[in-house]
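Inspection log for the structure reproduced underneath, given as structure tokens.
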Amino acid sequence: MAITSGRNFWCLCSSVLVVVATASAQAETKLFESAQVTPAGEYTFGIEGPAADLDGNLFVVNLGKPGTIGRLPAGGAASQPFTALPEGSVGNAIRFDRSGTMFIADYKKHNIFAIPKGTTAPAIWFHSDEMNQPNDITIAHDGTIYASDPNWKGREGHIWRIAKAADGTVQGQVMASPRAMGTTNGIDLSPDGKTLYVGESSNGQIWSYAINGTELTAAKLVKTFQPDTVDGLRTDVSGRLYVARILKGTVALMKPNGAVEREIALKAKEPTNLAFGGSDGKTVFVTQRQGGFIESFRTDQQGREHCLQRGRC
């Protein structure tokens with residue numbers, strides 16, 4: 001009887017441990033609940049451009065002062081200086097290509113900088129005085145960069161296509177569009193790279209376009225939010241869009257047809273942009289202008305860019 005009782009006791013303890021472990025795991029992986037990650041005031045009012053590398057580091061522009069780039073180490077709770085752009089340049093967006101090269105959009109000096117993996121010195125990859133900014137950028141599977149280029153005073157904008165030509169030089173041009181655009185801001189591609197999503201801050205609209213070389217075609221209004229309440233956007237591998245709702249304090253998660261699945265409540269009211277990171281690409285980091293900090297939440301799908309960096313998309 002003693003042995004039997006002992007076995008029953010062990011089974012009971014094992015069951016309790018399983019229940020506790022399961023509850024703990026569920027608590028750790030609760031989805032769509034945002035928490036502040038870094039201290040308030042780390043970044044300036046121009047906090048923007050989050051992007052994560054495959055080592056789990058998150059990079060964000062304007063740490064402490066304009067023109068800098070900060071690095072939040074994997075699992076860290078405070079940012080560290082990573083590098084600084086040349087005098088007068090100020091970053092607004094960061095993206096990584098499949099080789100791990102970091103690209104930074106410099107809206108002050110009309111540049112796109114490149115920093116190869118394992119280095120910290122930015123070098124001009126593309127420049128054009130014809131640009132208003134650039135503002136946000138996204139990178140295709142073949143390395144082509146699409147950049148939003150708003151004219152804030154004119155409440156209008158357009159999209160640039162920037163890529164290497166056959167002779168190896170980097171060429172950029174404004175893409176032809178079937179409609180006059182508003183202030184082009186957040187931008188990303190669909191998982192198959194055939195559709196470009198563009199947010200227009202002035203009218204609060206999200207548009208999709210088919211890509212045909214240097215032309216944007218098949219313009220489709222995906223969703224209309226209140227004017228001046230949309231900023232950066234990203235897509236996940238299932239094709240859903242995550243839109244930073246600046247002034248509302250949420251991230252709208254919606255299907256490609258514009259149906260909003262949920263509005264994810266944030267800790268502050270002025271999210272400027274977002275990026276997927278973490279070891280599995282399912283942690284969404286959000287840059288908060290109100291307070292100058294980074295917050296994050298977990299989601300159920302990895303980001304398109306994270307998948308692209310791993311060579312799986």
Side-chain angles (χ1 to χ4, degrees), residues 48-51 92-95 103 105 107 112 126 128 130-141 144-163 172-236 239-246 251-260 271-276 287 303-305 308:
E48 259 280 10
N92 199 67
I94 302 173
R95 292 286 183 123
F103 291 89
Y107 78 98
I112 292 179
F126 178 76
S128 176
E130 296 179 15
M131 279 187 162
N132 294 304
Q133 292 208 336
N135 185 291
D136 204 356
I137 56 177
T138 187
I139 302 179
H141 185 274
T144 298
I145 288 180
Y146 298 95
S148 60
D149 190 22
N151 175 352
W152 292 97
K153 289 183 179 179
R155 298 179 75 81
E156 61 184 8
H158 43 249
I159 303 298
W160 282 70
R161 181 185 184 274
I162 305 165
Q173 64 187 103
V174 174
M175 299 185 76
S177 171
R179 54 176 291 274
M181 298 179 176
T183 48
T184 51
N185 194 341
I187 187 171
D188 209 356
L189 290 157
S190 60
D192 63 8
K194 296 179 180 179
T195 301
L196 185 70
Y197 294 100
V198 181
E200 298 181 1
S201 292
S202 56
N203 53 32
Q205 295 177 346
I206 309 296
W207 286 81
S208 68
Y209 300 90
I211 298 172
N212 182 20
T214 60
E215 296 183 357
L216 297 174
T217 63
K220 181 180 179 181
L221 178 60
V222 178
K223 181 70 178 179
T224 299
F225 295 101
Q226 290 84 4
D228 302 309
T229 66
V230 298
D231 206 324
L233 65 85
R234 293 289 191 276
T235 56
D236 67 20
R240 298 179 304 182
L241 287 78
Y242 295 66
V243 182
R245 301 290 316 284
I246 194 165
V251 168
L253 172 54
M254 65 185 193
K255 297 177 181 178
N257 64 6
V260 176
T272 56
N273 215 327
L274 53 99
F276 289 82
T287 48
R304 180 198 69 88
E305 186 176 13
L308 180 75

Rounded to the nearest 0.5 angstrom, the OG1-CZ distance for T235 and R240 is 11.0 Å
Anything under 30° is parallel, anything over 60° is perpendicular, the rest tilted; go ahead and classify Y209 against W207. parallel
What's the separation between atom OH in Y242 and atom CG in D236, rounded to the nearest 0.5 Å? 4.0 Å
Atom of S177, atom of R179 and distance for their closest heavy-atom approach: OG-O, 2.9 Å
Given the rule in the side chain to side chain contact (heavy atoms under 4.5 Å, CB included) test, do K223 and L241 qualify, once you have shown the distances and angles that lead to the verdict? CA-CA 11 Å; K223 181 70 178 179; L241 287 78; over 6 Å; no
S190 (side chain) donor-acceptor with G239 (main chain) under 3.5 angstrom: no
To the nearest 0.5 Å, atom OG1 of T138 lies from atom CZ of R304 at 4.0 Å
State, to 0.1 Å, how close A140 and Y146 come at their nearest heavy-atom pair, and which atoms those are. CB-CE1, 4.1 Å
Would you name the heavy atoms of A244 and P271 that are closest together and state the gap between them? CB-O, 3.9 Å
Looking at every non-hydrogen atom in both residues, tell me the closest pair between A252 and F225 and how far apart they are. CB-CZ, 4.0 Å
Check step by step if side chain to side chain contact (heavy atoms under 4.5 Å, CB included) holds for N185 and D231. CA-CA 6 Å; N185 194 341; D231 206 324; 3.1 Å; yes
For L233 and D136, run side chain to side chain contact (heavy atoms under 4.5 Å, CB included): C-alpha distance rounded to whole Å, both residues' side-chain angles, the deciding distance at 0.1 Å, then the answer. CA-CA 9 Å; L233 65 85; D136 204 356; over 6 Å; no
In Å, rounded to the nearest 0.5 Å, how long is the span from CD of E48 to CG of L274? 9.5 Å
Test side chain to side chain donor-acceptor pair (under 3.5 Å) applied to T272 and T287, step by step: CA-CA 6 Å; T272 56; T287 48; 2.7 Å; yes
W160 and I137: CA distance, side-chain angles, deciding distance, side chain to side chain contact (heavy atoms under 4.5 Å, CB included) verdict: CA-CA 9 Å; W160 282 70; I137 56 177; over 6 Å; no
Do H158 and N132 have side-chain heavy atoms sitting under 4.5 Å apart? yes
Heavy-atom pair of closest approach, residues L221 and T224: CD2-OG1, 3.5 Å
Test salt bridge (Lys or Arg N to Asp or Glu O under 4.0 Å) applied to R95 - qualifying residues, sequence neighbours left out: D188, E305
Considering all heavy atoms of both residues, which atom of Y197 and which atom of P256 are nearest to each other, and what is their separation? OH-CB, 3.6 Å
What residues form a side chain to side chain donor-acceptor pair (under 3.5 Å) with T144, not counting sequence neighbours? D142
With rounding to the nearest 0.5 angstrom, report the CD to CE distance, E215 to M175. 8.0 Å
Please check if any side-chain donor atom of R245 sits under 3.5 Å from a side-chain acceptor atom of T229, or the reverse. yes
Which is it for T183 and S202 under the side chain to side chain donor-acceptor pair (under 3.5 Å) test, yes or no, and what are the steps along the way? CA-CA 6 Å; T183 48; S202 56; 3.2 Å; yes
Yes or no on side chain to side chain donor-acceptor pair (under 3.5 Å) for T217 and N212, after CA distance, side-chain angles and deciding distance? CA-CA 7 Å; T217 63; N212 182 20; 5.6 Å; no
Checking S148 side chain against G186 main chain: does a donor-acceptor pair fall under 3.5 Å? no
I159 and side-chain contact (heavy atoms from CB on, under 4.5 Å): which partner among I211, D149, V174, I187? I187
Under the side chain to side chain donor-acceptor pair (under 3.5 Å) test, residues paired with N257 that sit two or more places apart: none
Dump the intermediate steps for side chain to side chain donor-acceptor pair (under 3.5 Å) on N273 and R234, then the final yes or no. CA-CA 9 Å; N273 215 327; R234 293 289 191 276; 3.2 Å; yes
